[in-house]
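We count ligands from 1, going down the list as the structure has it; atoms in each ligand are counted the same way. Both backbone and side-chain heavy atoms feed into the values below; hydrogens, waters and symmetry mates do not.
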Amino acid sequence: MTDTHLTAALDERSATDLAGSGLRLALVDPTDTAALDAWIVADFRGFHGRRPTAEVLAEARKNFGGRRTTAVYDEGVTTPVGTVNSWVAPLTVPGGGALDTWAISSVTVAPTHRRRGVATALLGAELRTAHALRVPAAILTVSESTIYGRWGFGPATFATGWSVDAKRVRWAGGPTPGRLSFTTPDEYRETGYAVLADAMRARHGEIALEPYLADRLLGPLTGDDDEARYLLVRYDSPDGRPEGFVSYLVRGGEEDFSRHVVEVNYLAAATDAALTALWRYLLELDLVAEVKAWTRGVDEPVQLLVQDIRGARITSEQDHLWVRILDVPATLTARRYESDGDIVLEVTDGLGFAGGRYRLIVEDGEARVESSSDAPDVTLPVESLGSVYLGHDLARGLALAGRIQGDAEALDRLFRTAVPPRLSTWF
Ligand SMILES: CC(C)(COP(=O)(O)OP(=O)(O)OC[C@H]1O[C@@H](n2cnc3c(N)ncnc32)[C@H](O)[C@@H]1OP(=O)(O)O)[C@@H](O)C(=O)NCCC(=O)NCCS
């Protein structure tokens with residue numbers, strides 16, 4: 001990872017577009033405390049958060065210091081009316097390799113300035129900057145699934161939420177050797193970072209985490225009302241290797257002390273042994289009636305780990321990571337494929353970054369991409385290519401919806417992975 005995202009110039013086109021509406025696009029200098037604080041206030045406000053305290057601001061300044069931070073200002077106001085930040089995040093791709101991606105976060109527009117093209121200017125600037133820096137794809141997680149398709153992003157991973165009736169289920173997942181022990185974020189931080197790095201590398205769809213994103217998984221950030229409730233338990237293999245942890249909170253119990261509710265903040269598992277041991281730990285906690293978890297994979301095996309499958313329910317399932325391909329050859333050759341094949345793709349891209357006709361040839365799981373003038377086997381917009389890129393089972397549905405034309409089954413055979421992609425955190 002380099003710092004080019006910090007030093008790249010401001011996007012002239014968006015600056016000019018916004019200037020036409022009396023607004024100013026600017027990069028925020030991370031060492032300018034007042035400007036960065038005003039940007040953070042706007043970001044929190046954009047997501048209907050509380051006004052940050054001095055302590056929270058200090059922590060957020062540290063967290064965002066390594067990101068490219070962009071603001072839109074209206075005349076005479078120091079708090080931005082538009083915000084976005086970005087950095088280069090390695091994305092784990094099928095086969096275990098890493099693809100550098102342009103991660104975008106904190107997209108907000110002040111309600112006083114909505115629907116005037118501010119987000120359009122911010123997103124256009126991000127994509128043009130990433131493309132100019134030859135970053136092959138952009139990624140984001142979204143508050144609403146209606147927003148980003150227009151900029152060529154397609155949903156590429158899905159996430160599940162869970163509720164397990166702890167009084168109903170019995171463990172059926174076999175022995176779970178290894179050692180569990182309580183720890184604290186301060187004591188465990190460096191080990192936790194290493195465990196997270198292993199866990200993220202082990203599944204396509206996950207990203208390498210900045211310290212800030214990792215810290216949120218280990219425990220609460222400053223200003224969290226529930227700070228005192230967080231618990232952290234580590235898992236070490238029988239031969240002493242740190243392989244996982246769970247951070248969680250326990251609530252309730254006021255009316256019936258035997259019926260507390262556990263909320264999992266994050267369960268990290270670099271190995272299957274860690275995953276099963278930590279789930280077992282959660283499900284066998286005494287005085288607990290329900291265990292809730294979120295942002296798990298679509299293949300989370302909880303139901304198969306307990307005797308009564310119906311005691312473990314999926315409470316939500318929704319799109320999670322969105323992928324925007326900017327460079328088709330670089331993106332497609334970065335991943336591996338589980339079967340060989342040869343397919344001509346006609347990719348359309350309304351924003352002009354990635355359109356073209358490409359022949360994808362896969363031999364022994366490795367891809368080559370050439371430009372082609374042969375008749376296409378498949379024609380699809382760049383957002384549909386982003387959707388199938390990480391191996392999720394979406395080609396058939398996209399074809400039914402008219403968003404893939406031609407031989408969608410051939411595309412599916414080539415792109416789909418036996419293990420579905422997963423992103424288990426927000427950014
Ligand atoms: C989402 C948000 C950033 C949009 O900003 P904006 O400046 O109003 O967007 P724009 O004026 O550039 O709109 C661009 C297009 O997207 C559409 N759009 C914007 N927000 C949308 C939404 N929430 N759902 C559906 N369409 C939306 C607009 O209608 C417009 O469509 P058009 O080009 O066909 O006219 C803004 O509403 C916001 O800050 N929301 C709260 C925070 C949030 O959800 N951020 C997203 C984080 S992932």
Side-chain angles (χ1 to χ4, degrees), residues 11 13-26 28 38-52 60 63-64 67-75 77 79-87 89 91 101-130 137-159 205 207 210 212-213 216 294-295 316 318-324 349-353 381-383 386-387 403 423-427:
D11 181 72
R13 185 161 145 200
S14 287
T16 308
D17 287 350
L18 288 169
S21 321
L23 301 171
R24 184 170 64 86
L25 183 71
V28 178
W39 184 96
I40 294 164
V41 167
D43 177 29
F44 278 45
R45 187 180 63 191
F47 289 108
H48 303 311
R50 275 187 298 192
R51 207 171 41 252
N63 294 338
F64 292 146
R67 296 186 181 182
R68 177 183 178 85
T69 304
T70 304
V72 177
Y73 297 98
D74 200 353
E75 218 171 298
V77 208
T79 306
V81 296
T83 63
V84 65
N85 67 20
S86 51
W87 67 103
L91 167 70
T101 56
W102 191 259
I104 298 173
S105 187
S106 293
V107 178
T108 74
V109 173
T112 47
H113 289 66
R114 68 194 283 282
R115 306 303 182 264
R116 285 160 55 175
V118 174
T120 302
L122 290 172
L123 263 295
E126 291 300 315
L127 295 179
R128 282 188 291 274
T129 305
I139 55 172
L140 36 74
T141 55
V142 310
S143 59
E144 286 185 280
S145 58
T146 44
I147 305 173
Y148 294 99
R150 73 193 70 238
W151 291 295
F153 288 86
T157 78
F158 284 70
I207 60 166
E210 302 169 297
Y212 155 57
L213 294 176
R216 293 198 309 190
W294 295 269
T295 334
S316 64
Q318 66 180 27
D319 55 282
H320 191 45
L321 180 71
W322 287 61
V323 171
R324 203 297 175 200
D349 183 351
L351 298 182
F353 297 113
V382 69
E383 53 271 28
S387 281
R403 285 184 269 157
L423 174 70
S424 57
T425 188
W426 290 87
F427 63 85

Checklist outcome for this item: In this structure, CD1 of I104 is separated from CH2 of W87 (nearest 0.5 Å) by 9.0 Å
Checklist entry - Could you state the interatomic distance from CG (L423) to CG (D319), rounded to the nearest 0.5 Å? => result 11.5 Å
Item to check | Under 3.5 Å side-chain donor-acceptor pair for R67 and S106 | outcome: no
Checklist entry - Hey, what do you get for CD1 (I139) to CZ (F153), rounding to the nearest 0.5 Å? => result 9.0 Å
Item to check | For D17, side-chain hydrogen bond (donor to acceptor under 3.5 Å, both in side chains) partners two or more places apart | outcome: none
Item to check | Residue contacts for ligand 1, heavy atom to ligand atom, distance under 4.0 Å | outcome: G46, F47, V107, T108, V109, R114, R115, R116, G117, V118, A119, T120, T141, V142, S143, E144, T146, I147, Y148, R150
Item to check | Close side-chain approach of L23 to H113, heavy-atom, < 4.5 Å | outcome: yes
